[in-house]
Amino acid sequence: MSEPLEWLQCISCRKTYPLTEVLYHCSCGGLVEVQRSPTQWLKISRPLIEARRLSHAQEDISGVWRFREGVLDLPLPSIVTHPEGGTHLYQRSELSQWAETDEVWFKHEGENPTGSFKDRGMTVAVSMAKYLGKKFVACASTGNTSASLAAYASQAKIQGVVFIPQGKISMGKLAQAVGYGSKILSIRGDFDKAMELVQKTATQLQLYMVNSLNPFRIEGQKTIVWEILEQLRWNAPDWLVLPAGNLGNTSAFGKAIQEALLAGWIQNPPKIASIQASGASPFYGSYLKQFASLEPVTADTVASAIRIGNPVNWTKARDCILKTRGVVTSVTDGEILEAKRQIDLSGLGCEPASAASLAGLRKLRREGVIPKNARVVCTLTGHILKDTDTLMGQYQNPHGNSHGNSHELPLGAVEIEPTVASVAKALGL
């Protein structure tokens, strides 16, 4: 009997399981991840990855499935792709100056089909659900995961079920889940309560859970890093800076770096800087104690996408920070919103949680942790339209209602008569 090319393995006790076994924890309680043999890695190379960019096949257009031998080697008919990935890498001199760093790039994952990086992991998790013949896929979500699940479940003709914390989700994100046809269950409690419940129902009701405890989510999300490496012509940056909530991306980034080294794609691995909001920073608290333990917190931050007080992936993320010699820090909501304004004014735009990356970079620069001449890539995890309530709240002009109408004008807006003279006056011409 031939050895398997891909399998599930516990990160704690190293016990292995078949790839098709549905589990989120090992029998010892540890988290599981996908592993593959050297033979499998021989199937994929940099020239193959780059050649697929010339293809018109949906699985090759995808910035996830273009790397499929290193992600999940499924039969092509099982792949559910939008397609996702293929997001751009940007530079803005004004943002580099603001962060006091010579070279900063921005990987904008808000350009994915549903407006966030979640699509990269969801395409893999839902494809596996389709391959296994699952009838329901479920997640707990502060918004982006639910939007992504709903879109991919709809495409796969699988019923989506999303558990959301009551009153703690932006309407822009909820609207996507509603529009794509998922069943919405509003939980009386925060995200962490929703996460507890979806884990119980996954076990007792046989719903296929696609939160980042699902090991296939991590496999899709690690392609963010591989795409960055490819876009930088395989010259790895010195630092990868990213927002940190449930720690799926921190885990995925660390795995991507280790596997890129294993595959021989890079020689000098980047370090990871995970940035939490100060009102939701249990991982940072653990980092300050040399990761001796994780103490959950009651999360409270304007950055709803990372408003998580008990991250389920902390052991994976801890290992990734240690292996990459990375760091963890936190930034205040004020610092996040200040960074968001700078990103928005540069023409890139992002949701609040995304801006934690730039805010964190500026803080780490001023603390001397990241050198001025370092080559840095910040990940922007979500689109500017993901949280318009926060955006407009920043710029609302309470005095804009000059004619008794019910609307309010954003700060700086001027209400005028429909005449050329009025325009000229407003512009000072």
Side-chain angles (χ1 to χ4, degrees), residues 4-11 16-26 30-37 40 44 59 62-85 112 114 116-141 144-146 148-153 155-156 158 160-161 195 198-199 202-203 206-226 246-256 258-259 312-313 316-317 320:
L5 297 178
E6 297 177 305
W7 61 90
L8 296 175
Q9 184 167 309
C10 176
I11 68 170
T16 62
Y17 299 87
L19 197 69
T20 53
E21 185 166 343
V22 177
L23 78 166
Y24 313 104
H25 292 93
C26 173
L31 299 179
V32 296
E33 65 180 5
V34 177
Q35 289 292 337
R36 45 189 58 84
S37 71
Q40 182 68 15
I44 188 169
E59 62 270 13
S62 166
V64 172
W65 296 105
R66 200 155 47 83
F67 300 90
R68 53 188 172 271
E69 293 84 357
V71 171
L72 187 61
D73 211 352
L74 284 179
L76 294 184
S78 295
I79 292 176
V80 183
T81 179
H82 221 62
E84 51 292 308
N112 274 289
T114 72
S116 85
F117 75 92
K118 303 286 188 176
D119 293 343
R120 289 188 186 259
M122 201 58 67
T123 180
V124 184
V126 172
S127 293
M128 191 60 171
K130 179 181 178 181
Y131 179 70
L132 295 173
K134 298 299 179 181
K135 298 185 182 301
F136 294 90
V137 289
C139 73
S141 178
N144 286 331
T145 305
S146 65
S148 186
L149 174 146
Y152 283 85
Q155 184 176 342
I158 300 172
V161 183
M195 190 70 219
V198 77
Q199 290 182 73
T203 301
Q206 300 301 304
L207 305 184
Y208 188 72
M209 183 175 66
V210 293
N211 280 98
S212 55
L213 271 178
N214 185 309
F216 303 110
R217 277 277 308 277
I218 301 300
E219 295 304 294
Q221 287 166 214
K222 71 188 184 187
T223 60
I224 299 171
V225 175
W226 290 351
N246 219 15
L247 305 180
N249 264 349
T250 298
S251 304
F253 278 35
K255 194 169 191 287
Q258 295 303 313
E259 291 180 347
V312 297
N313 286 295
K316 284 184 180 179
C320 292

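The structure displayed is predicted, hence computed values, not measured ones.
In summary, of the residues considered (Glu33, Glu219, Gln35), a side chain to side chain donor-acceptor pair (under 3.5 Å) with Lys255 occurs for Glu219 alone. Just one residue in the list Val64, Val34, Ile79 forms a side-chain contact (heavy atoms from CB on, under 4.5 Å) with Val124, and that residue is Val64.
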Could you walk me through whether Ser37 and Trp7 pass the side-chain contact (heavy atoms from CB on, under 4.5 Å) test, one step at a time?
CA-CA 9 Å; Ser37 71; Trp7 61 90; 4.0 Å; yes

- Working for side-chain contact (heavy atoms from CB on, under 4.5 Å), residues Phe216 and Leu8: CA-CA 10 Å; Phe216 303 110; Leu8 296 175; 4.2 Å; yes

**Message:** Between Met128 and Tyr208, does the side-chain contact (heavy atoms from CB on, under 4.5 Å) criterion hold? Intermediate values first, please.
**Reply:** CA-CA 10 Å; Met128 191 60 171; Tyr208 188 72; 3.6 Å; yes

Chi angles and distances behind the side-chain contact (heavy atoms from CB on, under 4.5 Å) call for Arg68, Leu76: CA-CA 10 Å; Arg68 53 188 172 271; Leu76 294 184; 3.9 Å; yes

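Listed for the Asn249 side chain is no donor-acceptor partner under 3.5 Å among the backbone atoms of Gln221. With Asp119 contributing its side chain and Ser148 its backbone, the two residues share no donor-acceptor pair below 3.5 Å. Side chain of Ser127 to backbone of Val80: a donor-acceptor contact under 3.5 angstrom is found. The backbone N or O of Thr81 sits nowhere less than 3.5 Å from a side-chain atom of Glu59 that would complete a donor-acceptor pair. Using modelled atom types, one side-chain atom of Lys130 and one backbone atom of Pro77 make a donor-acceptor pair closer than 3.5 Å.
In this model, no donor atom of one side chain and acceptor atom of the other lie less than 3.5 Å apart for Ser251 and Asn313. Under the 3.5 Å distance criterion, with hydrogens and angles disregarded, no donor-acceptor pair is assigned to the side chains of Asn112 and Glu84. For the residue pair Asn211 and Tyr24, no side-chain donor N or O sits within less than 3.5 Å of a side-chain acceptor on the partner. Remark: the Thr145 side chain and the Lys118 side chain contain an N/O donor-acceptor pair separated by less than 3.5 Å.
Within 6.0 Å of atom OH in Tyr131, 12 or fewer heavy atoms from other residues, nucleotides or ligands are found, so the atom counts as exposed in its surroundings.
Ionic pairing of Arg36 and Glu69 is not present here: no N-O contact between side-chain nitrogen and carboxylate oxygen is shorter than 4.0 angstrom.
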